[in-house]
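Data block below; observations after.
Every chain is numbered from 1, with letters handed out A, B, ... down the list of sequences. All values derive from a computational prediction rather than experimental measurement. Side-chain atoms are counted along with the backbone in the values below, which use heavy atoms only and exclude waters and symmetry mates.
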Amino acid sequence: MNSIPKEICDRFAAHLYKWAEDYPRQLPWKGERDPYRVWLSEILLQQTQVSRGIIYYDAFVSRFSSIEALAAASDDDVFKLWEGLGYYSRCRNMLKAARLIVNELDGRFPSTYSEILKLPGVGPYTAAAIASFAFGEPKAVLDGNVYRIYARFFGVDLIPNAAKSKSHFQNLADQMLDRENPARFNQALMDFGATHCTPRNAKCETCAVRDLCFAFQHNRVEELPRKKTPIKKRERRFAYLVITDESDQTLLLKRPEGDIWAGLYSFPLIECDENHIFEKELETFLSQSGLEVLNSVQHSSKQYKQTLSHQKIFGSFYGIRVNSVSHYRLLAETAYESVAWSSLGDVAFPRMIRQYLEDRFSSLFEF
DNA sequence: CAATCGTGGTT
DNA sequence: TAACCAAGATT
């Protein structure tokens, strides 16, 4: 690949720094050097808008003031704090990394890019961010903002994140980085992308580098970066069984690895495909459950819909009254648990289940 | 390496 | 509305 003239790099950086002074952006983690806090913010911000990340960052910092405190917390408590943010494997990997650092690295956060990169849940972007922000190492971040800025600035006609094009963008980013001030440069670049060189309605009229910008000069700002081909969404139908007994216990299960919402809790569910009729499945489930059913369908909810990145979930909830959930056949040997109804407010649920509980039972949780 | 993993903001 | 996409990582 051709190298970028030094003059271009220098002029870009100078304009970028001037822009950052003209458009200050205050964020809770800005200028932060504590690697724990930098790491925490970057994990929370993966595929997450800054405005939402701030809310969870404040909650996590307030609850866990050190990596030792985080490492010592229970999985369920941390998942509860993460509830609603999505991409829950981040939460699981965050806990793994915290415990690894505390238990095996004597609490010392790794201080180089290559060592940081080994942490669970830390990929090239996050490692570069932590290395530059917390340790001043000259590593160029490559996130959605950076893809967009350089796709436009250099007129790169490649789809971002495709494995083949990533190395091209990384090469550009590496050359453009101000190696004397990596933290300042990375921060300003992402701020610029997030607020000025935006996906739509980019503020080209007040952009100081537009004279150098390929997309602006060729009137292709709206076309770049190239869009990813849209994904097909699998449709799934979940029938949740809200089973309660006379002691106000209910059945929950912890969702396993390998499917959505791993690590969160759920009511037992019957997944209905086209060929399976819910009523028959329910009859089979109950007859094999060991439960003494008092009222097989005490109530049924409306149908909830939730669109995920790769799936569209249709969910309905069916209230079932039994004598005692402790008779459930799989309780002892599987991920199923008997939980007091009054404690459901402390359980981490997927959005759809939390929504159902609020719709139907909000008065019981003192929200 | 292309598919998978959530949820909500924005237009 | 529906598409786009957000400080990506993992498999």
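A donor-acceptor pair is defined here as one N or O able to donate and one able to accept, closer than 3.5 Å; no such pair exists between the side chain of Arg210(A) and the backbone of Cys207(A). In terms of modelled atom types and a separation under 3.5 Å, the side chain of Thr198(A) and the main chain of Thr195(A) share no donor-acceptor contact. Judged by distance alone, the side chain of Lys233(A) and the main-chain N or O of Leu308(A) form a donor-acceptor pair under 3.5 Å. Judged by distance alone, the side chain of Lys139(A) and the main-chain N or O of Pro182(A) form no donor-acceptor pair under 3.5 Å.
OP1 or OP2 of dT7(B) has at least one side-chain nitrogen or oxygen of Gln306(A) nearer than 4.0 Å. Within the structure, every side-chain polar atom (N or O) of Gln49(A) is placed at least 4.0 Å from both OP1 and OP2 of dC5(C). For dG8(C), one of the phosphate oxygens OP1 or OP2 lies less than 4.0 angstrom from a side-chain nitrogen or oxygen of Gln47(A).
Ring-base stacking between Tyr87(A) and dG6(B) is satisfied, the centre separation being under 5.5 Å and the plane angle under 30°.
Comparing atom distances between the Trp261(A) side chain and each of dG8(C), dT7(B), dA3(B) picks out dT7(B) as nearest. The nucleotide whose nearest atom lies closest to any side-chain atom of Gln311(A) is, among dC5(B), dG8(C), dA6(C), dC5(B). Between dC5(B), dG8(B), dG6(B), one nucleotide has an atom nearer to the side chain of Arg52(A) than all others, and that is dG8(B). Each of dA3(B), dG6(B), dA9(C) was ranked by its minimum atom distance to the side chain of Thr48(A); first place goes to dG6(B).
Contact annotation for Thr126(A): backbone-only contact, meaning every heavy-atom pair under 4.0 Å involves sugar-phosphate atoms and none involves a base. Residue contacts for Gly84(A): at a heavy-atom cut-off of 4.0 Å it reaches the sugar-phosphate backbone alone, with no base atom in range. Residue contacts shown for Leu85(A) include a base, since a base heavy atom lies under 4.0 Å away. Heavy atoms of Arg148(A) sit under 4.0 angstrom from primed sugar atoms or phosphate atoms, though from no base atom.
Distance, Ile260(A) CD1 to dT7(B) P: 8 Å, rounded to whole Å. Counting to the nearest Å, the P atom of dG8(B) and the CZ atom of Arg354(A) are 13 Å from each other. Rounded to whole angstrom, the span from the CD1 atom of Ile231(A) across to the P atom of dT4(B) amounts to 8 Å. For Leu264(A) and dT7(B), the CG to C1' distance is 12 Å, given to the nearest whole Å. A straight line from CZ of Arg92(A) to C1' of dT11(C) spans 12 Å, rounded to a whole angstrom. Rounded to an integer number of Å, the gap from Asp143(A) CG to dA9(C) C1' is 14 Å.
For the 3.5 Å distance criterion, the side chains of Tyr125(A) and Glu42(A) qualify, holding a donor opposite an acceptor. For the residue pair Ser338(A) / Gln249(A), a side-chain donor-acceptor distance below 3.5 Å is found, with atom types taken as modelled.
Taking every heavy atom of residues 24-35 of chain A and every atom of DNA chain C, pairs under 4.0 Å involve Arg25(A), Leu27(A), Trp29(A), by number.
Arg354(A) forms no cation-pi arrangement with Phe349(A), by the criterion of a distance under 6.0 Å to the ring centre and an angle within 45° of the ring axis.
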Sort me out a list of protein N/O and nucleotides 1-4 of chain C N/O pairs below 3.5 Å, or just none if empty.
none

